[in-house]
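First the structure, in the form of structure tokens, and then the observations on it.
Just so you know, ligand 1 is whichever comes first in the structure, and atom 1 is the first atom listed for that ligand.
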Amino acid sequence: MSPSETDLKRLIQNVPDFPREGINFKDVSPLLKDAVAFATAVSLMARAVEADEIDYVAGIEARGFILGSALANLLNLGFVPIRKPGKLPGEIIAQSYSLEYGESSLEMQRDAVPKGSNVLIVDDILATGGTAKSAAKLVERIGGRVVGFVFLASLEFLNGNKEIANYQQHTLLTYD
Ligand code: AMP
């Protein structure tokens, strides 16, 4: 029997005051370590996007790489990385954003996807939505079309969904 939503949630560890005081960090490592839970999470993501026409799956560094590449593989699609600064070679574009805990920026290779491609963006947690919005901007700046987002979990009280309200959003688990 596959794990239920509650079982998956039980495998996401709450780490108070990490990486800063006041932040309740959701550590997905125990879920990823559990083979059945990991496979269930990825197949639920695949089911959530089954009606979408997707050409590429883009994952946001770092935990979006883990879920995104597994999902891309399951969907028989290629994977594209959206990375933290200074990691990608070649011609890159950058987009800065504010995090629940700080400021940062993301980068993509300018030729990461052919123009007009339909791109699904994957990450583990939707918090304030700044990361997701910045990822969408990058995909659009290189000529891709954002089909939507899929998250393992969303922290509803931070209203990140409003930042990406113009896009389709799928979330397996929610925290109020
Ligand atoms: P945000 O831009 O605020 O939506 O933050 C989302 C990004 O930061 C995702 O890549 C998450 O992995 C990470 N993140 C933000 N807040 C948390 C949290 N409370 N627990 C775990 N990851 C988080």
message = I need the minimum non-hydrogen distance between Thr128 and Ser98, along with the two atoms involved.
response = OG1-O, 3.9 Å
task = Report, in ascending order of atom number, the atoms of ligand 1 lying under 4.0 Å from any heavy atom of Leu155.
result = 19 (N)
ask   = Does even one non-hydrogen atom of Gly129 get within less than 4.0 Å of ligand 1?
value = yes
query = Quick one: which ligand 1 atoms are inside 4.0 Å of a heavy atom on Thr128?
reply = 1 (P), 2 (O), 3 (O), 4 (O)
ask   = Of the non-hydrogen atoms in Ile82 and Ala58, which two are nearest, and what is the gap between them?
value = CD1-CB, 3.8 Å
ask   = Is a side-chain N or O of Gln169 found less than 3.5 angstrom from the main chain of Asn161, in a donor-acceptor match?
value = yes
Enumerated ligand 1 atoms positioned under 4.0 Å from heavy atoms of Ile125 = 6 (C), 9 (C), 11 (C), 21 (C), 22 (N)
ask   = Can you list the ligand 1 atoms lying under 4.0 Å from a non-hydrogen atom of Gly130?
value = 2 (O), 4 (O)
query = Can you find a non-hydrogen atom of Ile60 under 4.0 Å from ligand 1?
reply = no
Proximal atoms of ligand 1 relative to Asn24 (non-hydrogen, under 4.0 Å) = 19 (N)
Within 6.0 Å of CZ in Arg141, more than 12 heavy atoms from elsewhere = yes
remark   = Taking every heavy atom of Phe25 against every heavy atom of Pro19, the minimum-distance pair comes out as CD1-CD, 4.2 Å
key: Closest contact, heavy atoms only, Pro3 versus Leu8   = CB-CD2, 4.3 Å
inquiry  = I'd like to check whether Tyr97 has a polar contact with ligand 1, where a contact means an N/O of the residue lying under 3.5 Å from an N/O of the ligand.
reply    = no
ask   = If you measure from each non-hydrogen atom of Thr131 to ligand 1, which part falls under 4.0 Å: side chain, backbone, both or neither?
value = both
ask   = Between Ala127 and ligand 1, is there a nitrogen or oxygen pair with a distance under 3.5 Å?
value = yes
inquiry  = Tell me the closest heavy-atom pair linking Asp123 and Met45, and the distance in Å.
reply    = O-CE, 4.3 Å
query = Quick one: which of Leu106, Val28, Asp124 has a heavy atom closest to atom 12 (O) of ligand 1?
reply = Asp124
query = Where do Tyr56 and Ser117 come nearest, in terms of heavy atoms and distance?
reply = CE1-OG, 3.7 Å
task = Please identify which atoms of ligand 1 are closer than 4.0 Å to at least one heavy atom of Arg63.
result = 11 (C), 12 (O), 13 (C), 22 (N)
